[in-house]
Every structure is written in structure tokens, then in C-alpha cells.
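Data first, discussion second: the structure below is written as C-alpha cells.
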There are 2 protein chains.
Amino acid sequence: METTQRTDQERAADRRRRELLEAADRVVLRDGPGASMNAIAAEAGITKPILYRHFGDKGGLYAALATRHTDALLDSLRAALDAPAERRERVEATLDTYLAAIEARPQVYRFLMHPAEGGQQGEGFDVGKHSAPLLRRMGEELAQVIEERLDLGPGGEQLARVWGHGIVGMMHAAGDWWLGERPCSRAELVRSLADLLWGRLAAAGDKVGSPGF
Amino acid sequence: METTQRTDQERAADRRRRELLEAADRVVLRDGPGASMNAIAAEAGITKPILYRHFGDKGGLYAALATRHTDALLDSLRAALDAPAERRERVEATLDTYLAAIEARPQVYRFLMHPAEGGQQGEGFDVGKHSAPLLRRMGEELAQVIEERLDLGPGGEQLARVWGHGIVGMMHAAGDWWLGERPCSRAELVRSLADLLWGRLAAAGDKVGSPGF
DNA sequence: AGCTACGGTTACCGCAGGTAACACTTTAGT
DNA sequence: ACTAAAGTGTTACCTGCGGTAACCGTAGCT
């Protein structure tokens, strides 16, 4: 029957798709962001048009790859976020989880964070339609957890969303910088960021002889 | 004499350079990031090779454009940061200055933030050599101010740098998200972020019936 | 005149994303 | 068994971009 045949073929197609994604993974891990479709196809042992048949365009492949890693990372983050521990410990565990991930596969996460897209010619299109989806998804996810767990009073939902995206951005920028300069250990970075989040900026005293005021 | 001639020519070259940068500005403002060299040259009323004579390559033009806006923005931020006011007020003023800037010229700042670079073939090169320089510069600048003004005890220098980059990242990510969704007014966003920086995350109470613990 | 120096152009290279059209193998229908 | 369809794969091409080489005109100096 058609159905059995179809499922068979769809199974095969799915297997193929996974193989292609793994090949793409390998080449992105090797060549960093900006890996060419040609290179990915070559790594997979095939040629370009097959990639396009499976993923539509480069954005499609990017999306598939991103979804994959994003889902995996979000699962880890959720686990750290939902652990039965004190809030500060959970925050530190979450930060550490993220930093460990980008430390382990910097190329991949650079690829995910810096899509390097843009450039449509028709004027009618919107800008940056799906730029940096990983950051957005993490931000929304964190916002949801914050909103579920914390009592923030009226307007708490919006506050949670701002905080979600803000904290994720903090994590990302600090992580990116840290990955480039390695000025300290991961644990120190985690502590510093958690301290920032815990209000040490407000609590710190002025330096004696501070100029201007 | 050669000197007077040279200065004359250099003056003219500088004027030209400024004209070209302004043209680039216009086209980036219109087409967003990913504006092509051809488009910029056309807007300036000339052709590509002249651009390359002036700026070397696209990275050079990007750098020149970035330096321009970055310097202007950093001046505004420094002014807000150094104002004679309470710390919280200064922080809010700084956040608001940044957000007002990206609100006024979203395309330009998208261009600055998402360089969309990468892709050298020789293996010997470093990755992301000058990626997102605006964020880095803002981070370093803020770090310096923090380190100058606040008494953070031992290890304060590193702490300041982490915070600088972290806060800038928070500002950037929240701003980017806010620019896309406009879920609230700028003032509300500023307040929310300042609240986050002021430790409200740590101070907030658990929600009653919070699952898991 | 003739030479150099500079602003400017056309025409091209290489490479990337993306696609059309063609070839081979399997499977199904009669 | 012969044909027809459908899926897998290929080569060869188009477009547009970053980047460059080679050429053209005009000013000024000697």
C-alpha cells in the first residue's frame, strides 16, 4: 500500500536527514561559522542539490541544526534550573552549564549565535526575521521559569521577560568575551556573574577619592 | 612644497572619506546590514574600486563606520555614566541613552552588532578576530568606569571586567528583543533592567505552590 | 611638448548560494 | 516481460558579491 511504502521512504529520508545533519555538524565544528554548502555536501559524500532538496535553503539547514543544539542545550539548562537546591545554587549551576557547553564546542555555538544572514533584495521584507533564535528561545525559556517560580508582584510577567532576555544576554556576552580572552577560570566567572545578579553592584561602596563627586 | 601639497591632498581625501562614510551610512540605514559595496558606491555616486582604495576591504569600511558610531555612542554613554547623580540614576540614564540610540537608528546598530563576518580559508587564522567590536569596546569601557569608581576589594579588576561585559550584554540583548517586540515603554524597560541589576532577583520571594521544592 | 600623479572607469576573477535539466536505479502496473 | 513512474544522484549552469587588474583622462610640473 501507499501508506507503508510512504512510511518506509520517510524513515529512510529521516535517516538520511540525520546523517546530513551530523555531517553538517562535523564540518561546522571544523570550519566554524560560514561553512559552505559545498563543504557540507562534500563531507556528507554527496552534492549540493541533495542538501537543498532536504532543507530548502541554507536557512533551513541552519534552522534544523540550530533546533537540534538548542533543544539539547535547553534541556540541560532546564535541568540545572529545576534542580532541588537554593536559588543561588541553581543560578550558578545554570550559568556553569551554559559556559561548559560553549567551552566544549565553541565553533558550533559561534555558528548558532552569529547567523551571518541578511541580504534579501526585494524591499518588502522585514529585517532580521529570525536573527539569533537561540538567544531568543533561551530568553523566553528563562522568562517562563522566572515567572513560574518567583513572586514579582503586579507586572511580574513583563518583568520576567525583560529579566529573561537580559540575563541570557549577560550570560552570552560574558561567555563570548571569556571564551576569547580566558581571563579566569569558569568557576570564577560563574561566581562573578552570580554576584552581579545578586546585587553586589548596588551594594559596593564608592572608591575613596572617586573623581567628579 | 611637498608638505603643503600633501596636506591639501590629505584634506581632500579626508573630505572624500567623510562623504563616502555618510553615503555608507545612508545606505546602511536604508538597506540594513548586508548592504553591498556596490550599493554603497552607487549611493556615493562612484564605483567600487574607489571604496576599496579608501578603506582597503569591506572590513575596513565596517571598521571606519563602526568607529564613528561607536565613538559617538560611547561619548554619550560616558556622559551619562559620569553625571553628578546617585549611582542608580546614573545607571538608568546610561541604559536609557543606549536604548534611545538603538531606537533612533535600529538598522545602523543592527549592522554594527551583527557584523556577519567569518570565513577565512587558511587554517592558521584565529576565529572571530574582530567580531562585534562595539560590544567589546562598550564592555571594556564600562569595566574601566566600574573599576575606577567602585571599591570591589581584591580581584576587583577582573570582577569589573566581567561585570562590564555582562552588563553590556544584558543591555544589548534586552534592547534587541525590546526593539523587535516593543512590549513596553523605554522607561519601563530601563526600570526593569535597573531593578535586575539592583538585586531584585535575589530579593524576590518564591511563588506560593512553586513546584519541585 | 612630454612626463608623472591622481581620480575614475570598465571588465574581469573566484566563490558562494541556488537551480534546471539530465541520468541511473528501483519499484509497480498491465 | 515491457513499460511507466518515482526517487536518488549528478553535471552544468545562473546570479550576485567581494575584490582586483588594467586602462583612461586630466591636472600640473619641467
Side-chain angles (χ1 to χ4, degrees), chain A residues 1-20 23-24 27-28 31-65 111 115-123 125, chain B residues 1-20 23-24 27-28 31-65 111 115-122 125 130:
Chain A
M1 293 301 166
E2 280 189 355
T3 51
T4 56
Q5 279 174 308
R6 273 219 152 163
T7 34
D8 240 29
Q9 283 171 189
E10 280 180 3
R11 264 186 176 347
D14 273 21
R15 267 190 52 199
R16 208 77 178 112
R17 194 186 164 88
R18 229 160 294 163
E19 287 175 21
L20 297 186
V27 70
V28 161
D31 296 358
S36 83
M37 295 298 262
N38 258 326
I40 294 176
E43 169 71 28
I46 50 153
T47 47
K48 270 195 299 177
I50 304 186
L51 279 183
Y52 285 96
R53 284 229 254 268
H54 274 272
F55 300 104
D57 63 350
K58 189 168 188 165
L61 200 166
Y62 163 71
L65 215 53
F111 170 71
E117 292 296 332
Q120 61 280 349
Q121 48 214 27
E123 293 183 356
F125 251 62
Chain B
M1 291 301 175
E2 281 188 353
T3 51
T4 56
Q5 279 175 306
R6 273 218 151 165
T7 35
D8 241 29
Q9 283 172 189
E10 280 179 3
R11 263 188 180 338
D14 274 19
R15 267 191 52 198
R16 207 80 177 108
R17 195 186 164 88
R18 228 161 295 164
E19 286 175 22
L20 297 185
V27 70
V28 161
D31 296 358
S36 81
M37 296 297 263
N38 257 325
I40 295 176
E43 170 69 31
I46 48 148
T47 48
K48 269 194 301 176
I50 304 185
L51 279 183
Y52 285 96
R53 284 228 253 269
H54 274 272
F55 301 104
D57 63 350
K58 188 168 189 165
L61 200 166
Y62 162 71
L65 215 54
F111 171 70
E117 292 295 332
Q120 61 280 350
Q121 46 215 27
F125 251 62
H130 50 90

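Naming: A, B, ... by sequence-line order, numbering from 1 per chain.
The side chain to side chain donor-acceptor pair (under 3.5 Å) check on A:Arg53 picks up nothing, with sequence neighbours excluded.
Taking CG from B:Leu20 and CD from B:Glu43, the interatomic distance works out to 11.0 Å, rounded to the nearest 0.5 Å. Here the straight-line distance linking atom CG of A:Asp57 with atom CE of A:Met37 works out to 7.5 Å at 0.5 Å rounding.
Whole-Å rounding puts the A:Tyr62 OH to C:dG18 C1' distance at 20 Å. Per the geometry, CG belonging to A:Asp31 stands 14 Å off C1' belonging to C:dA16, to the nearest Å. The interatomic distance linking A:Met37 (CE) with D:dG16 (P) rounds to 19 Å, in whole Å. Per the geometry, CG belonging to B:Asn38 stands 8 Å off C1' belonging to D:dC17, to the nearest Å. The separation between A:Lys58 atom NZ and C:dC15 atom P is 16 Å, rounded to whole Å. Rounding to whole angstrom units, CD1 of residue A:Ile40 and P of C:dA16 are separated by 12 Å. A straight line from OH of A:Tyr52 to C1' of C:dA21 spans 18 Å, rounded to a whole angstrom. Protein atom CG of B:Asp57 is 12 Å distant from nucleotide atom C1' of D:dT20, rounded to whole Å.
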Output side-chain donor-acceptor pairs under 3.5 Å for residues 44-52 of chain B, partner residues at least two apart or in another chain, one line each.
none

What N/O pairs connect the protein and nucleotides 9-13 of chain C at under 3.5 Å? Give each pair on its own line.
from	atom 1	to	atom 2	distance (Å)
C:dT9	OP2	B:Thr47	N	3.0
C:dT9	OP2	B:Thr47	OG1	2.4

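Minimum heavy-atom separation, B:His54 to B:Arg17: O-NH1, 3.4 Å. Across all their heavy atoms, B:Ala35 and B:Asp31 have their closest contact at CB-CB, 4.4 Å.
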